Structure formats: C-alpha cells, structure tokens
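Structure first, commentary second.
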There are 2 protein chains.
Amino acid sequence: MRTSGVSHDTALLRRLNTRATLQVLRQGGAQTLTQLARAAGLSRQTAEVAIADLTERGLAEEAAPTEGGAGRPARRFRFRAEAGHVVGVDIGPRRIFAMLADLNGDVLTERRLDVDEHLPAAERLALAEQAATACAADVSRGGVWAATAGTSGVVDRSGRVSVSHLIPGWTGLDLGGQVGRWFDCPGFAANDANLAALAEHWRGSARHVDDMVYVLSGYRAGHGLMLDGRLRAGRTGSAGELGRLPLVGWEDMSVVLARDGRDAEEVFEAARAGEERALAVVDRLAYGLARGASALVLVVDPELVVVGGGFSRAGELLLGPMRTHLAGMCLNPPEVALSTFGEESIALGGVRMALDHVERERLDL
Amino acid sequence: MRTSGVSHDTALLRRLNTRATLQVLRQGGAQTLTQLARAAGLSRQTAEVAIADLTERGLAEEAAPTEGGAGRPARRFRFRAEAGHVVGVDIGPRRIFAMLADLNGDVLTERRLDVDEHLPAAERLALAEQAATACAADVSRGGVWAATAGTSGVVDRSGRVSVSHLIPGWTGLDLGGQVGRWFDCPGFAANDANLAALAEHWRGSARHVDDMVYVLSGYRAGHGLMLDGRLRAGRTGSAGELGRLPLVGWEDMSVVLARDGRDAEEVFEAARAGEERALAVVDRLAYGLARGASALVLVVDPELVVVGGGFSRAGELLLGPMRTHLAGMCLNPPEVALSTFGEESIALGGVRMALDHVERERLDL
DNA sequence: AGCTTTACGTCGCGTCTTCTCATAATTGGA
DNA sequence: TCCAATTATGAGAAGACGCGACGTAAAGCT
C-alpha cells in the first residue's frame, strides 16, 4: 500500500494535457492543432496552450503548412526530435558498439570497434568513451540527455557490475556512473541480454508481444525477461544467469563444439551444405538451447522466445530443430523467432533504456 | 505505444482527489477532515468535498468524535468496509474452502469442506456454491461485489480451466463465470499457486517483498510468480507447471516417498524424532524442491522463496536442508521462508484478487 | 466568565477547460 | 475578378475546481 501524498491542483491538469498532446505529436508526426486536439481528446484551445508550452521547452516547432485543401491553411506543428539525444553503448568482451539516437529513437550515428578480450578495464572504458563521444561529436554539450551501457555479467539496479567473468577488471565497476560522466547526464547500465530483449520488444521480432523471453545463445548463454511489456531484471540483476544451472545444460554448448573440433561458423556452413555430422551437431546445440528455453517457458509462460547471440546466425537451421525439441518439453510451446537486430541489439536496447529515462523525467510522459 | 484518448477536464481532478482521500481513509482508520487533508496532500475543503462524495456512495460515514483534547471536537469519518463484500473459494481435489471478507479484506466467515477426490465436476461445483453462499448468508443480495475461485490446473486469463489433471470433469470449465453467477457479480478464477502467492504477498511471509516466488510443495507441485508486486500468470495461465519439466525433478517426489513406504506425515514425524532413514528421505525431498526452486530463482532472481503446500508442514525440518541445497545451485540464493497461511492461503488469495477488482472498478482506486 | 485551542463554513480569487462567435485566410466556381 | 464555401484562428464568457483567508462555533482550562 502506498500513500498518494501528491497534491492534485489544477496545474496537474495542464501537465496531463500537455503530456497527452506531446504523445500524440510524437506518434503522429507533424499535425495541425485540430488534429492534435481530436487525437488527444482535448479542445483545440487546450491543445494550443499545450503546444505553446512545448514550443517554449524546445520540444515542438511550427512546420510548413500543408499544400492544397480547402479553407484557411492550418498551422502545423512537429515534434523536435533533435532537441535532445541519447546514447547506447555495448561493451562486450570482444566488441564495443556505440550508438547515438535522437528523441524519436532514430539512430543517427554508430561506431563499432573490435577489441582484445584481455584488454584491461581502464583501457576498455577509454575506448568505449572514445567511440561514444565520437558518435556524439556533432551534438552540442548538454545535448545528450541520457546514456546506457550494456555488458555481459551481472549488473545491479544502480548500474554497478557485481559479477563479470568475461571481462578483466570489470567486477565492481560502477558502469552506469562512468557512462553518465562521459556526457554529464544520467547514466545507466544493464545486462546485455536484458537490453537485447528491450530492443527486440521495441522494434524487433517481439514488437507485438508483451510477454517474451530473449535467449542469448552462444559460447556464453544468457537471457532477458520481458513481462507485461516491462523488463524484469530481478533483485540483483542476476536474472539471466540461467547458464549457471547445470541441470539445464547450457554449459556444455562449448563441449559439443569442442568435440566436433570446428567452431560454430564452420559447423553451420557445413550443415547448410547438408553434411550429416554437422547437422547432428546443430541438432545437439538446438537440443541444449531448447532445454534452457524450456525452463524459461515453464517458469514464465511467454508468448514468444526470441533467439539471438552468436549461434542465431545459423537462422532457421537452428530454430527448426529447437522448435521441435521445445515442443516435446512444454505443455504450450510458445512461438520461437530469430532476433531482428544481430549485434546491434544491445546498443539499441541501451538507446531504448536511455529513452525510457528521458521520457519519464524530461518529457514527463 | 498507446494513445491517451481520454479527455482531462476538471472532473478528473475531483476523481483523483476523491481517490486519494479514500486511500488515506482506508489506511488510516477513522480520521478528522484535517488529518485526511494533510495525509492526502489536499486542503481541508477539498477533503470535505471528497468525503461528501464518498458518503453519498456509501463508502464513508461519520464516526464518533474523539473524546478529550482541546478545541472544538472534529467530526471524524471512517471507511465503511461493510459497504461491500468479496468471496474467495478454494476448490481443490479433496477440499473446498470458502471465505467471505469485507472491503478491508477482513475475513468475516469461513466454510471448510472435505470432498472425495473423485467427485464429479457438477457436484463439486454445487458443494462449492453451497459453501460460498452459506458464508455470505448474512449479506444482502448484491452485497457481494466480486468473487474468485482458485483451483489446481491451468486457468487462463478469462477464468476458464484449460487443463486439469486432478479434478474429474474440470477441464474446459468456465470457473470464473460460474463463480460470478453465484452472486451475480464479476467472477474470476486462477491457479491455486498463484493465489497463494498473492495471499503471502498481501499479508503473509512475503509482506515486505515485491519479487518473490511461491512454491507449492506436495504430491503435486506448482508455483506462483510475483514480480514487482504483481502476479505474473503468463500467456495461458500455465506458468506454474514447472512440475512438468522432467529435468527439474519435481515429478519424483512421490517416488521418493513411495520407496520409503510411508506417507509424508509419517516420515516427517519420524524425522522429527531423529530417525536416520526418515531424515534421509526429508533431505531427498528438500533436494528435489531445491532443484525446482533453483530453476525459478535463476530465471527470475526473486528476493524470497515462500514454501507452502502439504510438505511445508514439515517446517524448518524441510527448509533447512532446502536452503543448503539451494545455496549450492544459485549464485545469489534468496531467502527461503515458510508459508504463513497454510490451507487458507488459496481462498485468501482469492479474496485478494476479488478485492483487486473491486478497488479498480468500484472504488476507483 | 473569559481565554485558548481547534474545527467549521463561507467568500473570493486564480487556474484550467470548453463553448461560442466574430474574424482571417485560403480554394473553387460564377 | 468577385463571391461563396470552407477551415483555422483569436478573444471573451461561463463553468468547475482547489485553495487561502477570515469570521464563527464548540470544546477545555483557569
């Protein structure tokens, strides 16, 4: 039970209506006052007041009126997506990926960097900062309103890396705080699989689904949970460490491949060519994935499982057998889909998480 | 992305302030206008208007003023918890348990009934209806505002039992609809473990925790998920069927006991007396429970695991070894606690779910 | 009885939204 | 070229709401 505590005077109405107008403006593109008012369920005058408010805050501006059409041409207004920016960075063991996006979430610039997996924390951070600030080179100081980093390992709610086995010197790092310092803005950090889930739900394979599970398949495993349209990171942020459950069988992925002697890419290649042995290896991988996924499915019963990560490059080759195995393990097997964004999903999820903050705090949505 | 669509005129303010006043009134007991206003963050006048509103709706009434104290005695108002009622029914394989509660959720009457596990659906329903209506005998027609039934098996969002292995004729039953018809009110149905989780979170062992997992331990297994303070039933309501995952090892509970030859109660008795063989059996049960729980913990990373169901009667005898086993299976083992409400938890969870509906729809909270 | 304290009730003000009506700016046809 | 139709704009009035202020009412205490 929470107390309300907040006083509700008439100023709240103004805020609410401005918020509604802003939502409509963002979703519908450039619109006239009449259109805005109708869509937001307000009178034209109220919409006008809201637009004046937004214009003053730099979030709206007048656009060119529509050509043609009878009657007096209406003034049109558009959302100034360029009023602010957000940054998402994926800092992985072997790769750094930075993205700059505007307030619509449209990606403006990207930087990709391969790094050595033994690179120490300080230098890795410095490279990530370079990549991120380079992306934002054209953005004025203070123009980045929020930034989020994604990384492998356990990241707690405050943005601190509490455990990381894959990146040297990473454990204990206040990653969220670091990233915020780069742009003097609020900074966040989250587990990579969680961010990937966020991205897939935002614009990817899970666009139309509010209960889904993202499976990060590869030499390391992980997962992200999206329930009721919201990310569930768990108490310590360590949801996503399913790979640790020996019963589930994700740990022996690398064993399967090692036994074969080839790396994943080669095996997939051979399997695509129809080679028997490679197909058997792929089936074994699919079985392992299905075992892990089945635990997720039986626990949270999602509508969709999205498979991303390195192994997902095999595409339907892997998904087909995975569906078959999963069907045998669950009462109501959910749909299984490939990740839409490959490598970019983590940085894109970072963009989304930063946008979430901006929408909540600065746009007052 | 959803459009707002709702117009925000000044009437909304009134609604919001009335809501805030009602919340304060319910939480704080009988209060004066000044107290209400301060707690709700409103002016005294506004609180007065809200109270007038609530009084008209039958939800508030004037109480006796406080004795003593300087100054003019203030009128005091209290929430009329007796303005409406809710019903929760647990319809299990071998037991029916009905509860009537007022709008505060205080339980007024209970009825418990043992039934044969082979009892056909129609007769089982008739008995449940008898138990429930008997509980509500003193309540005027229309005085029950919502009712919820809990049962074992998969219950979908609409309140239909989609799968039930334990109760004959249960599969396909529109349980929520049935229960609603008893009292001519909105009726709901949910899986028993989910309702138990709700109850424990409301007033039981998980009172202060918003991310928790309820484990129904017994000859049949199940679980309920409470994340961010809300129940997550999953797409088809079949989250909670973890027992189906053979890898997890919940299925062989009965095997463990069968091998011993005694039933659970006898084994616990013997173990309490210190008998070696019984202790080994309990440890084996604890191991099985921990295996199942570990899957839950690794997937959702809760703060707390609440153990209920038949085996939980063993108390710390079972929980101790379970904690030990769990610690070996998880990175960050959560706390493990016993269920506060034994058999009553399911019906009580039903009360809570019915109250949720009432608060949302009729109290406009 | 008079003082102090606390609550009550009414009045007026400011804010917000909406309705109405006069006005402005276009297009298309006479 | 001019006029009607159409659509948007702008100003003013009305209604609803919340809040602060001030006078009044009702108790206890001295």
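Here is how names work: the chains are called A, B, and so on, in the same order as the sequence lines, proteins then strands, and each is numbered from 1. Computed from a predicted model, the values in this text were never measured in an experiment. Quick note: numbers below take in every heavy atom, side chains included, and nothing from hydrogens, waters or symmetry partners.
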In whole angstroms, the gap separating C1' of D:dA16 from CD of B:Gln45 amounts to 16 Å
B:Arg76 side chain N/O closer than 4.0 Å to the phosphate oxygens (OP1, OP2) of C:dC8?
-> no
Exercise for review: Tell me whether the OP1 or OP2 atom of D:dG18 has a side-chain N or O from B:Arg14 closer than 4.0 Å.
Suggested key: yes
- Query: B:Thr46 side chain N/O closer than 4.0 Å to the phosphate oxygens (OP1, OP2) of D:dC19?
  - Reply: yes
In whole angstroms, the gap separating P of D:dT7 from CG of A:Leu36 amounts to 18 Å
Tightest non-hydrogen contact, residues A:Val209 and A:Glu303, listed as CG1-CB, 3.9 Å
| Would you say C:dA24 has OP1 or OP2 under 4.0 Å from some side-chain N or O of A:Arg72? | no
Picking from D:dC17, D:dA21, D:dT9, the nucleotide nearest the side-chain atoms of B:Leu13 would be D:dC17
Heavy-atom nearest pair, A:Val155 first then A:Ala190, reads CG2-C, 3.8 Å
> Between A:Arg75 and D:dG10, is there a side-chain N or O to OP1/OP2 distance below 4.0 Å?
Replying inline: yes
Look at the side-chain N and O atoms of A:Asn17 and state whether any lies under 4.0 Å from the OP1 or OP2 oxygen of C:dT17.
yes
Taken to the nearest whole Å, CZ/A:Arg38 to C1'/D:dA8 is 13 Å
So, are B:Arg360 and B:Asp356 salt-bridged, with charged N and O less than 4.0 Å apart?
no
* Asked: Phosphate oxygens OP1/OP2 of D:dA8: is one of them under 4.0 Å from a side-chain N or O of A:Thr34?
  -> yes
note: A:Leu33, atom CG; C:dT18, atom C1'; distance rounded to Å ~ 15 Å
It should be established whether A:Ser43 places a side-chain nitrogen or oxygen under 4.0 Å from OP1 or OP2 of nucleotide C:dT18. yes
Item to check | Main-chain N/O of A:Leu225 paired with A:Arg232 side-chain donor or acceptor, under 3.5 Å | outcome: no
Taking D:dA8, C:dG9, C:dC16 as options, the one with an atom nearest any side-chain atom of B:Glu48 is C:dG9
A:Leu12 CG to C:dT17 P, in whole Å, measures 10 Å
Quiz item: Charged N to carboxylate O under 4.0 angstrom, B:Asp106 versus B:Arg203?
Solution: yes
Any donor-acceptor pair under 3.5 Å joining the side chain of B:Arg44 to the base of C:dG9? yes
